[in-house]
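Presented below is the structure to which this report refers.
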Amino acid sequence: MSLQIVHFNEPVLRKKGEKIAVFDAALATLAAEMVETMHEAAGIGLAAQQVGRALQLCVVDLREVEAPFAWELDGAKPPLELFMPLAIANPHLTIARGAAETVEEEGCLSFPKIRGDVSRPHAITVKFQDERGVPHILKCDGMLARCIQHEADHLNGVLFIDRMDKKVRAEIDEKVKALAKETKAAKK
Ligand SMILES: [Zn+2]
């Protein structure tokens, strides 16, 4: 079953996610439904907040992404097909030592048709648990590092528009305001 994606400015998008403490069948089902929802929307990442749940859980799938990126999962380099789609619970991110910031255009499934440049560190290490509670360490860069940073922000109630520099943010301001209005009107 696919889930409904909430749009800006639903209050749940600003909520910090609760830590996942129980890795049961319900959590695995939620992760699977989030993957289905992300695929249907042709996205590469989706956070629990975006389906109305304030939890430390997101999913990513970069198998179709052409932009280059490197990764090392638990000290190995498995093919993407072996670990994606990937559910990430309770992520803890650290920026790779000496990693430069890079600027790329980002979009977000909670902001349809709105895109803008965001600067983020190029390489990170993320410690997390999968949907069964198994701990992992993923070192990555490029688009994968960017995607995980974008999703991890969601889990803390932070949105990509918050990360834009003032000029970029100002350029999309009208669209963002119109979206908030549309979201509010749809609730009535
Ligand atoms: Zn997003």
Side-chain angles (χ1 to χ4, degrees), residues 2-18 20 30-67 69 84-93 95 101-122 124 126 128 131 138 140-165 168-184 186-187:
S2 65
L3 307 165
Q4 200 192 334
I5 296 175
V6 304
H7 291 166
F8 182 79
N9 196 10
E10 274 294 335
V12 68
L13 290 172
R14 290 298 187 185
K15 280 195 187 153
K16 187 176 164 70
E18 258 178 60
I20 305 288
L30 174 61
E33 288 178 345
M34 284 170 61
V35 166
E36 194 184 330
T37 306
M38 169 179 69
H39 284 159
E40 263 177 27
I44 60 170
L46 186 69
Q49 277 78 348
Q50 295 181 277
V51 293
R53 307 281 302 270
L55 297 170
Q56 292 287 323
L57 176 71
C58 62
V59 294
V60 300
D61 188 350
L62 277 79
R63 286 175 297 175
E64 307 279 313
V65 167
E66 285 182 14
F69 56 89
M84 289 203 180
L86 177 66
I88 296 175
N90 304 325
H92 178 77
L93 274 63
I95 297 163
E101 296 245 336
T102 54
V103 176
E104 293 284 349
E105 193 182 72
E106 292 186 16
C108 178
L109 293 177
S110 293
F111 291 79
K113 294 181 211 151
I114 295 176
R115 302 185 67 82
D117 283 350
V118 180
S119 178
R120 297 187 190 271
H122 179 67
I124 59 163
V126 55
F128 67 98
E131 72 276 23
L138 174 64
C140 58
D141 68 13
M143 195 51 79
L144 179 54
R146 176 171 293 276
C147 177
I148 290 173
Q149 289 176 78
H150 177 118
E151 299 314 324
D153 271 352
H154 272 300
L155 307 189
N156 292 314
V158 176
L159 300 170
F160 77 144
I161 56 170
D162 308 337
R163 299 278 189 193
M164 291 172 182
D165 75 30
V168 174
R169 179 66 184 80
E171 278 166 10
I172 59 160
D173 194 50
E174 266 183 45
K175 283 186 188 172
V176 170
K177 281 185 178 141
L179 174 62
K181 224 173 158 182
E182 209 175 277
T183 303
K184 205 172 174 188
K187 278 182 98 170

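We count ligands from 1, going down the list as the structure has it; atoms in each ligand are counted the same way.
Checked for salt-bridge contact, Glu106 and Arg120 meet the test: a charged N lies under 4.0 Å from a carboxylate O.
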Test side chain to side chain contact (heavy atoms under 4.5 Å, CB included) on Glu104 and Asp117 and set out the steps. CA-CA 5 Å; Glu104 293 284 349; Asp117 283 350; over 6 Å; no
Going through the distances and angles, do Val59 and Thr37 end up as a side chain to side chain contact (heavy atoms under 4.5 Å, CB included)? CA-CA 10 Å; Val59 294; Thr37 306; over 6 Å; no
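Judged by distance alone, the side chain of Gln49 and the main-chain N or O of Val12 form no donor-acceptor pair under 3.5 Å. The backbone N or O of Val158 lies less than 3.5 Å from no partner atom in the side chain of Asp153, so there is not a single donor-acceptor pair. Checking side-chain atoms of Gln149 against main-chain N and O of Pro121 turns up a donor-acceptor pair under 3.5 Å.
Near-neighbour remark for the Zn ion (ligand 1): protein N, O or S atoms under 2.8 Å are Cys108 SG, His150 NE2, His154 NE2; waters not counted.
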